[in-house]
Amino acid sequence: MSAHVSRRKLITTGLTAAAGVTGLGVAAKIADHCGLIPPDWGGIWGPGETLTYATQRLLMASGSLAREFNRSEVSKVVPVSGPQPKTDPYQRLRAGGFADWRLTIDGLVARPSAFSLAEIKRMPAKTQITHQACEEGWSFIAEWTGVPLSYVMNLVGVSPKAKFVVFWPFDESWDSLDLPDAYHAQTFLAYNLNGEDLPADHGAPLRVRVARQLGYKSVKYLHKLTFVDSLKNVGDGRGSASPAAGYSWFAGI
Ligand SMILES: Nc1nc2c(c(=O)[nH]1)N[C@H]1C(S)=C(S)[C@@H](COP(=O)(O)O)O[C@H]1N2
Ligand SMILES: [Mo]
């Protein structure tokens with residue numbers, strides 16, 4: 001479908017139909033063809049999830065930026081949601097200063113890799129001050145330093161077939177992003193918070209920061225990234241641990 005076909009037509013016909021239930025099959029076909037169906041499309045909230053995701057993807061340029069702040073606006077308190085895993089192998093790696101930790105990258109990439117923390121810290125670093133909002137209602141502004149995910153993606157040679165990247169942490173809170181969000185200029189693999197090594201409870205040694213989505217997309221305690229063309233066979237097939245807990249896969253703000 002050519003880009004200008006009818007973004008408007010798609011919204012006014014296809015998506016309106018999706019919102020109302022009639023024509024859902026046709027709307028779903030159009031939307032799937034254009035990469036507009038989120039992985040948690042099934043179930044009673046499915047049409048709503050699809051409408052939200054597709055509308056965002058059509059109306060907002062995928063490169064649009066979240067607001068960045070000044071140092072003076074950094075919050076004094078940084079709350080924790082999802083403290084560090086208390087079990088091995090996380091605690092063993094932490095006790096060793098994460099010297100034996102690796103970020104494994106596999107799936108649809110030309111060069112499957114395993115990077116040490118030192119190697120990641122030698123990659124081109126970028127710092128940003130952004131707002132992180134938890135779905136439970138609190139939020140904070142913090143300064144993060146890390147490497148843009150796009151840099152790592154270019155290094156490993158992500159296949160043109162890949163559509164999503166899955167983030168695997170040491171706990172259960174796995175999640176995924178579509179490739180437009182993975183390549184987004186503010187999507188970071190962060191190892192530093194407010195000028196210091198990432199504290200254990202904030203995701204040491206490495207977490208992702210996704211500036212335009214709710215906090216739960218910013219997966220902490222990472223050990224592996226997997227590039228896939230579909231999320232159907234990953235976990236319960238809904239793209240992250242969140243839908244099972246009642247939250248959307250797509251959490252754009
Ligand atoms: N691995 C992992 N990542 C996670 C979580 C978690 O429990 N485990 N909690 C998420 C939630 S709900 C939020 S709001 C943010 C909180 O980040 P913070 O603890 O650094 O404030 O991390 C997200 N990333
Ligand atoms: Mo959260």
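Remember, it's 1-based here, ligands and their atoms both numbered in the order they're listed.
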Practice problem: Using a 4.0 Å heavy-atom cut-off, say whether Y221 meets ligand 1 through its side chain, its backbone, both or neither. | Solution: side chain
Quiz item: Hey, what's the ring geometry for W138 with F140, parallel, tilted or perpendicular (30° and 60° as the breaks)?
Solution: parallel
Quiz item: Which value, rounded to the nearest 0.5 Å, describes the distance between L36 atom CG and T50 atom OG1?
Solution: 9.0 Å
Exercise. Verify the ring-centre separation between W249 and Y53: is it less than 6.0 angstrom?
Key: yes
Quiz item: Does the side chain of R209 come under 3.5 Å of the side chain of Q132 through a donor N or O and an acceptor N or O?
Solution: yes
Quiz item: Do you know which two heavy atoms are closest between R57 and D181, and how far apart they sit?
Solution: NH2-OD2, 3.1 Å
Self-check item: Options S81, P83, A133, ranked by nearest heavy atom to atom 9 (N) of ligand 1, top entry
Solution: S81
Quiz prompt | Nearest-neighbour protein heavy atom for atom 23 (C) of ligand 1, which is reported as residue plus atom name and distance | solution = G215 O, 3.3 Å
Quiz prompt | Nearest-neighbour protein heavy atom for atom 7 (O) of ligand 1, which is reported as residue plus atom name and distance | solution = G82 CA, 3.2 Å
Quiz item: Which heavy atom of the protein is the closest neighbour of atom 10 (C) of ligand 1, given with residue, atom name and distance?
Solution: Y216 CA, 3.7 Å
Practice problem: State plainly whether the residues K220 and D175 are in salt-bridge range, i.e. N to O under 4.0 Å. | Solution: no
Quiz prompt | Full working for side-chain contact (heavy atoms from CB on, under 4.5 Å) between M123 and V152 | solution = CA-CA 9 Å; M123 294 174 188; V152 179; 4.0 Å; yes
Exercise. Examine K220 against ligand 1 and note whether any of their N/O atoms are separated by less than 3.5 Å.
Key: yes
Quiz item: Of the backbone atoms (N, CA, C, O) and the side-chain heavy atoms from C-beta on, which set of F170 has a member under 4.0 Å from an atom of ligand 1: side chain, backbone, both, or neither?
Solution: neither
Practice problem: For P79, take its heavy atoms, then give the atoms of ligand 1 lying under 4.0 Å from any of them. | Solution: 18 (P), 19 (O), 21 (O)
Quiz item: atom 6 (C) of ligand 1: which of S139, C134, G203, S173 has the nearest heavy atom?
Solution: S173
Quiz prompt | Electrostatic pair E135-K217, nearest N-O below 4.0 angstrom | solution = no
Quiz item: Within less than 4.0 angstrom of ligand 1, does E135 place any heavy atom?
Solution: yes
Quiz item: When F167 is tested against each of V208, T226, V210 for side-chain contact (heavy atoms from CB on, under 4.5 Å), which residue passes?
Solution: V208
Quiz item: For ligand 1, which atoms sit closer than 4.0 Å to a heavy atom of F140?
Solution: 21 (O)
Exercise. Just let me know how Q132 lines up against ligand 1, side chain, backbone, both or neither, with a heavy-atom cut-off below 4.0 Å.
Key: side chain
Quiz item: Looking at D171, which atoms of ligand 1 are within less than 4.0 Å of one of its heavy atoms?
Solution: 1 (N), 2 (C), 6 (C), 7 (O), 8 (N)
Exercise. Consider ligand 1: state whether an atom of it lies below 4.0 angstrom from any non-hydrogen atom of R207.
Key: yes
Quiz item: At a 4.0 Å threshold, what atoms of ligand 1 neighbour a non-hydrogen atom of V80?
Solution: 19 (O)
Quiz prompt | Part of P169 with heavy atoms under 4.0 Å of ligand 1, whether side chain, backbone, both or neither | solution = side chain
Practice problem: Heavy-atom contacts with S218 under 4.0 Å: which atoms of ligand 1 show up? List them by number with element. | Solution: 22 (O), 23 (C), 24 (N)
Quiz item: Do F164 and F227 have their ring centres less than 6.0 Å from each other?
Solution: no
Quiz item: Taking the six-membered ring for Trp, are Y151 and Y183 ring centroids under 6.0 Å apart?
Solution: no
Practice problem: May I ask whether V219 places a heavy atom under 4.0 Å from ligand 1? | Solution: yes
Quiz item: Is the closest heavy-atom distance from W174 to ligand 1 below 4.0 Å?
Solution: no
Practice problem: Please work out which of the three classes, parallel, tilted or perpendicular, describes the rings of Y221 and Y90, given edges at 30° and 60°. | Solution: perpendicular
Quiz item: Hey, does W144 come in under 3.5 Å of ligand 1, counting only N/O atoms on both sides?
Solution: no
